[in-house]
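Everything below concerns the one structure shown next.
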Amino acid sequence: MKAIVTVTGIDHTGIVAAVANALAELDTNILNMSQTLMDEYFTMILQCEFDDTVQPIGTLQERLSVVGEEQKLDIRIQSEAIFDAMHRL
């Protein structure tokens, strides 16, 4: 399954590492990544792929929520199919 992860918050050291490590712990492959800084604000979008029969998307959301709390970030994950459908409207 492919999913889109969005990360936003105040920029600080270790954001990319924290998110990438959490995804790696759950055998989630990062296919594509884009990040930018707008003044002190950090934004990142990742396209990921994982086996949803082994790791349901809810498990990834729970783990990323922990990272978000630790790093003081807003991290969201959604199925790429849902993401695509929402942005076609």
Query - Heavy-atom pair with the smallest gap, counting every atom of C48 and T28 - result: CB-CG2, 3.6 Å
Report summary line: side-chain contact (heavy atoms from CB on, under 4.5 Å) filter on D74, not counting sequence neighbours, yields T8, R76
Requested in this report: Let me see the working for L64 and L23 under side-chain contact (heavy atoms from CB on, under 4.5 Å), right down to the final yes or no.
Outcome: CA-CA 8 Å; L64 291 173; L23 292 170; 4.1 Å; yes
For residues 30-47, run the donor-acceptor check on the side chains, cut-off 3.5 Å, and write out each pair with its distance to 0.1 Å, sequence neighbours left out.
from, atom 1, to, atom 2, distance (Å)
Q47, NE2, E80, OE2, 2.6

Query raised in the report: How many angstroms lie between atom OG1 of T6 and atom CD1 of I77, to the nearest 0.5 angstrom?
Result: 9.5 Å
Query raised in the report: Of the non-hydrogen atoms in I15 and I10, which two are nearest, and what is the gap between them?
Result: CD1-O, 3.9 Å
Query raised in the report: What pairs meet the salt bridge (charged side-chain N to carboxylate O under 4.0 Å, His left out) rule with one or both residues in residues 2-14, with sequence neighbours excluded?
Result: none
Query raised in the report: What is the minimum heavy-atom distance between V67 and A18, and which atoms define it?
Result: CG1-CB, 3.9 Å
Query - Rounded distance (nearest 0.5 Å) linking atom CD of E62 with atom CG of L26 - result: 10.0 Å
Which donor-acceptor pairs under 3.5 Å do side chains of residues 49-60 form with protein atoms, sequence neighbours excluded?
from, atom 1, to, atom 2, distance (Å)
D51, OD1, T53, N, 2.9
D51, OD1, T53, OG1, 2.5
D51, OD2, T53, OG1, 3.3

Query raised in the report: Tell me, which pairs form a salt bridge (charged side-chain N to carboxylate O under 4.0 Å, His left out) where one or both residues lie in residues 22-38, sequence neighbours left out?
Result: E25-R63
Query raised in the report: With sequence neighbours excluded, what pairs up with Q61 under the side chain to side chain donor-acceptor pair (under 3.5 Å) test?
Result: S65
